[in-house]
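Keep in mind it's a predicted model, so treat the numbers as computed, not measured. The basis for the numbers below is simple: all heavy atoms, side chains too, and nothing from hydrogens, waters or symmetry mates.
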There are 2 protein chains.
Amino acid sequence: MLIDEAAAVAPLAAPVPEKRVRDRGATEKTILKAAKALLAEEGFQNFGINAVARRAGCDKQLIYRYYGGLNGLIEATGADLGTWVRDRIPEDTGGMFLLTYGDLIERLALLFLEALRDDPLMRRIVAWEVSENTEQVRRLAEARSKALSQWLERMRGSLAPPKGVDAVAINAILIAAIQHLVLSAAAGGQCAGLVLKTPKDWEKAATALKRIVRGVYG
Amino acid sequence: MLIDEAAAVAPLAAPVPEKRVRDRGATEKTILKAAKALLAEEGFQNFGINAVARRAGCDKQLIYRYYGGLNGLIEATGADLGTWVRDRIPEDTGGMFLLTYGDLIERLALLFLEALRDDPLMRRIVAWEVSENTEQVRRLAEARSKALSQWLERMRGSLAPPKGVDAVAINAILIAAIQHLVLSAAAGGQCAGLVLKTPKDWEKAATALKRIVRGVYG
DNA sequence: GTTGCTAATCACCGTCGGGTGACAGGGCTG
DNA sequence: CAGCCCTGTCACCCGACGGTGATTAGCAAC
């Protein structure tokens with residue numbers, strides 16, 4: 001039988017060539033998915049045309065053809081970021097009544113912390129942002145920033161920050177702290193002497209974060 | 001004359017071959033200096049044997065011989081970090097009397113912020129730390145962490161944190177915030193919607209930081 | 001001067017990266 | 001069926017990288 005013959009001739013190669021369907025749309029999706037997975041798992045160090053093509057199991061030429069190269073692919077990734085943040089961070093207030101601005105920020109901070117912890121791709125992008133300053137990264141950073149601020153805006157509702165404090169600056173510091181905490185933990189399991197491995201460790205970090213929020217916003 | 005002849009023959013090359021002295025110690029220092037400068041200016045993306053050798057103006061073989069490769073060179077860089085932090089961050093209290101733990105942390109936070117802002121190499125190392133998790137980076141991170149904690153210890157003196165608060169966690173968050181703020185600013189001139197370019201911008205960030213410190217430590 | 005040590009360089013290898021042009025093959029139209 | 005367009009693949013170029021062996025050249029002791 002032909003099948004047996006083929007199996008006997010090349011037993012080490014992929015036994016099923018998977019009969020690649022000629023479907024541009026599907027291939028495009030596969031490539032984009034591969035790019036995101038690769039970025040999430042390997043980081044931006046080894047991120048490139050060849051790596052994505054290998055991962056996607058297709059020829060790199062297709063990336064050039066369908067996305068116009070790596071830049072276009074990254075741009076497409078950025079375009080996904082908005083919908084993607086919407087998917088991963090809950091919109092509701094978890095049944096809580098957010099009476100004060102402090103309540104709101106505390107909840108948002110913890111939500112953001114958790115979301116970032118659970119999200120390798122987002123972490124990589126954040127790490128990328130602070131490591132390089134190329135056009136690619138700027139695009140990605142802008143997309144992420146926009147998605148984040150839109151989310152914050154949506155969650156804020158009608159609550160206004162207390163007078164007399166620079167809420168933009170304070171919140172930027174809080175976000176910075178959360179991002180660096182998560183990045184540092186993901187990279188080395190600790191940050192500035194604070195071990196961040198077990199859920200208990202994160203419990204402590206969350207408590208401290210809440211304390212800080214309450215300290216400034218009451 | 002021989003010199004004129006050489007100049008006539010190769011006018012485009014370095015006109016003065018610089019008469020490289022045969023001095024191993026000096027060469028080692030040159031290499032180390034080049035490595036640090038390169039890392040500070042270009043970042044870890046393009047950091048490698050060839051780049052360092054080019055920058056140092058010597059053959060890469062010497063890096064292998066004297067430092068046992070890039071790893072050894074990085075290790076040597078890490079060894080310098082301690083003395084180097086000592087050099088760049090003032091030890092005195094600037095004539096202030098630090099009466100409370102809050103006074104202390106506020107001052108340390110601002111000192112650290114300023115020192116990191118002024119220090120490209122340290123910034124690159126921090127960025128490297130959160131971007132990769134290789135043995136090299138771990139070594140470097142450890143050296144930096146040790147230097148930082150020693151400095152904190154020295155500055156702390158006899159002041160103790162208030163009871164009832166997890167000072168380690170709080171301070172880790174503060175350090176994380178400062179690091180990410182500076183990194184983000186260096187990369188893109190802003191952080192989470194907060195523009196960080198002019199001294200006035202940084203003024204606002206410092207004010208917010210002080211407010212946070214005072215909020216938790218009084 | 002001759003010899004020996006070693007600092008410094010040169011030349012080369014294999015590998016991998018980005019990028020491009022040519023080619024094979026399926027599926028649809030006439 | 002013949003033609004064509006489009007998807008997918010292959011083969012190649014160039015350059016940069018990490019790494020290594022052989023080679024040159026200066027200094028010092030004899």
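In this model, the phosphate group of C:dG18 is approached by a side-chain N or O of A:Asn50 to a distance below 4.0 Å at OP1 or OP2. One finds a side-chain N or O of A:Thr27 lying less than 4.0 angstrom from the OP1 or OP2 phosphate oxygen of D:dG8. Within the structure, a side-chain polar atom (N or O) of B:Arg24 is placed less than 4.0 Å from OP1 or OP2 of C:dA7. Look at A:Tyr66 and you'll find a side-chain N or O under 4.0 angstrom from OP1 or OP2 of D:dG8. Close to C:dG17, at under 4.0 Å from its OP1 or OP2, lies a side-chain N or O of A:Arg54.
Counting only residues at least two apart or in different chains, salt bridge (Lys or Arg N to Asp or Glu O under 4.0 Å) contacts with residues 50-73 of chain B comprise B:Glu41-B:Arg55.
Atom CD of A:Gln45 and atom C1' of C:dG17 are 15 Å apart (whole Å). Atom pair A:Asn46:CG and D:dA16:C1' shows a separation of 16 Å (rounding to whole Å applied). A straight line from CD of B:Glu28 to P of C:dA8 spans 9 Å, rounded to a whole angstrom. Rounded to an integer number of Å, the gap from CG of B:Asn71 to P of D:dG19 is 8 Å. Protein atom CG of A:Asp59 is 16 Å distant from nucleotide atom P of C:dC23, rounded to whole Å. A:Tyr67 places its OH atom 17 Å from the P atom of C:dG19, with the value rounded to the nearest Å. One interatomic measurement links the two molecules: CZ of B:Arg55 to P of D:dA16, which rounds to 18 Å at whole-angstrom precision. Look at NZ on A:Lys60: it is 14 Å from P on D:dC13, rounded to the nearest Å.
If A:Phe47 and A:Arg65 are placed on DNA chain C by their nearest nucleotide, the residue sitting closer to the 5' end is A:Phe47. When each of B:Gln61 and A:Asp23 is assigned the nucleotide of DNA chain D bearing its nearest heavy atom, the one mapping closer to the 5' terminus is A:Asp23.
For B:Gln150, the CD atom counts as densely surrounded, since its 6.0 Å shell holds more than 12 non-hydrogen atoms of other residues, nucleotides or ligands.
Contacts of B:Leu62 with the nucleic acid, taken as non-hydrogen atoms under 4.0 Å apart, include base atoms.
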Check: residues 114-122 of chain A side-chain donor-acceptor pairs under 3.5 Å, at least two apart:
unit_1   : atom_1 : unit_2   : atom_2 : d
A:Asp119 : OD1    : A:Leu121 : N      : 3.3
A:Asp119 : OD1    : A:Met122 : N      : 3.1
A:Asp119 : OD2    : A:Arg88  : NE     : 2.8

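The side chain of A:Arg22 has D:dC6 as its nearest neighbour among C:dC10, D:dT20, D:dC6.
The aromatic rings of A:Phe44 and B:Phe44 sit tilted relative to each other, their planes meeting at an angle between 30° and 60°.
Of the candidates B:Leu148, B:Leu108, B:Leu113, B:Ile170, B:Leu148 is the only one forming a side chain to side chain contact (heavy atoms under 4.5 Å, CB included) with B:Ile175.
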